[in-house]
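What you are looking at is a predicted structure, and each value in this text was computed from that prediction instead of being measured. Values reported hereafter were calculated over all heavy atoms of this structure, with side chains retained and with hydrogens, waters and symmetry mates removed. Just follow the structure's listing: the first ligand is 1, and inside any ligand the first atom is 1.
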Amino acid sequence: MNCLFCKIIAGDIPSTKVYEDELVYAFRDINPQAPTHILVIPKAHIESVNAVSADNSSIVAHIFEVIAKIAREEGLENGYRVVSNCGDHAGQTVHHLHFHILGGAELNTQM
Ligand code: AMP
Ligand code: ZN
């Protein structure tokens with residue numbers, strides 16, 4: 001499958017790993033928009049939030065447990081933002097579900 005994030009999970013494209021388990025992979029964004037900018041992705045190829053269903057939503061629940069763990073380990077005790085862009089109007093560029101963790105400074109409040 002011609003998916004950038006599937007290739008990152010497979011190790012065919014290098015990434016800076018932050019966390020990994022049997023379901024989830026997390027790595028540093030190559031073009032950080034905040035001092036800490038991490039992407040958390042399911043190992044299973046899920047296109048976007050639109051493709052979340054009863055069959056795979058347990059993976060998404062697990063991703064949020066991992067997000068909280070990563071935030072603690074990265075020292076984001078002053079807060080952080082979790083973002084998932086879905087579709088063209090949101091500017092989704094990689095069509096493999098991913099959650100951005102943004103933190104390490106006070107973030108712009110604009111959406
Ligand atoms: P989105 O615009 O929400 O689809 O987010 C895609 C994100 O993937 C962007 O923030 C990119 O900077 C990031 N990205 C693209 N290629 C890579 C890569 N090879 N390694 C790490 N992050 C990447
Ligand atoms: Zn994929």
Side-chain angles (χ1 to χ4, degrees):
M1 189 189 295
N2 193 25
C3 169
L4 176 68
F5 287 174
C6 282
K7 287 177 184 164
I8 283 178
I9 292 162
D12 295 340
I13 291 174
S15 64
T16 305
K17 177 163 85 172
V18 173
Y19 175 88
E20 180 174 19
D21 65 26
E22 66 282 0
L23 295 173
V24 170
Y25 188 73
F27 56 106
R28 299 209 183 266
D29 197 292
I30 205 168
N31 181 25
Q33 303 298 309
T36 301
H37 187 171
I38 293 164
L39 299 173
V40 188
I41 65 178
K43 287 190 170 174
H45 181 86
I46 299 170
E47 287 262 325
S48 75
V49 170
N50 281 340
V52 175
S53 68
D55 293 336
N56 59 26
S57 61
S58 63
I59 298 175
V60 178
H62 179 65
I63 284 175
F64 274 85
E65 291 180 44
V66 168
I67 287 171
K69 178 182 165 66
I70 290 172
R72 280 192 295 274
E73 285 171 0
E74 292 284 322
L76 301 178
E77 61 278 344
N78 290 327
Y80 57 94
R81 184 171 292 155
V82 179
V83 173
S84 188
N85 294 317
C86 180
D88 290 343
H89 278 191
Q92 183 181 5
T93 59
V94 180
H95 294 275
H96 180 128
L97 180 65
H98 53 281
F99 294 89
H100 299 255
I101 302 175
L102 297 152
E106 210 166 307
L107 301 169
N108 191 324
T109 52
Q110 259 187 322
M111 291 304 287

List for me each residue that meets salt bridge (charged side-chain N to carboxylate O under 4.0 Å, His left out) alongside Lys69, sequence neighbours excluded, and say none if there are none.
Glu73
Report the distance from atom CD1 of Ile46 to atom OG of Ser57, rounding to the nearest 0.5 Å.
9.0 Å
CG of Asn85 to CZ of Phe99, rounded to nearest 0.5 Å, is 11.0 Å
What does the 4.0 Å heavy-atom contact list look like for ligand 1?
Leu4, Phe5, Ile8, Phe27, Arg28, Asp29, Ile30, Asn31, Leu39, Asn85, Gly91, Gln92, Thr93, Val94, His98, His100
Between His96 and His98, does the ring centre distance come in under 6.0 Å?
no
Hey, can you pull the donor-acceptor pairs under 3.5 Å for the side chains in residues 24-35, sequence neighbours left out?
unit_1: Tyr25; atom_1: OH; unit_2: Ser15; atom_2: OG; d: 2.8
unit_1: Arg28; atom_1: NH1; unit_2: Glu74; atom_2: OE1; d: 3.3
unit_1: Arg28; atom_1: NH2; unit_2: Glu74; atom_2: OE1; d: 3.3
unit_1: Arg28; atom_1: NH2; unit_2: Glu74; atom_2: OE2; d: 2.9
unit_1: Asp29; atom_1: OD1; unit_2: Asn31; atom_2: N; d: 2.8
unit_1: Asp29; atom_1: OD2; unit_2: His37; atom_2: NE2; d: 3.3
unit_1: Gln33; atom_1: NE2; unit_2: Asn31; atom_2: O; d: 2.9

To the nearest 0.5 Å, tell me how far His45 NE2 sits from Asn56 CG.
11.5 Å
Report the distance from atom CG of Leu102 to atom CG of Leu107, rounding to the nearest 0.5 Å.
6.5 Å
May I ask you to check whether over 12 heavy atoms, not counting those of Asp88, lie within 6.0 Å of atom CG?
no
Where do Ile67 and Val40 come nearest, in terms of heavy atoms and distance?
CG1-CG2, 4.0 Å
Could you grab the protein N, O or S atoms closer than 2.8 Å to the Zn ion (ligand 2) for me?
Cys3 SG, Cys6 SG, His45 ND1, His96 ND1
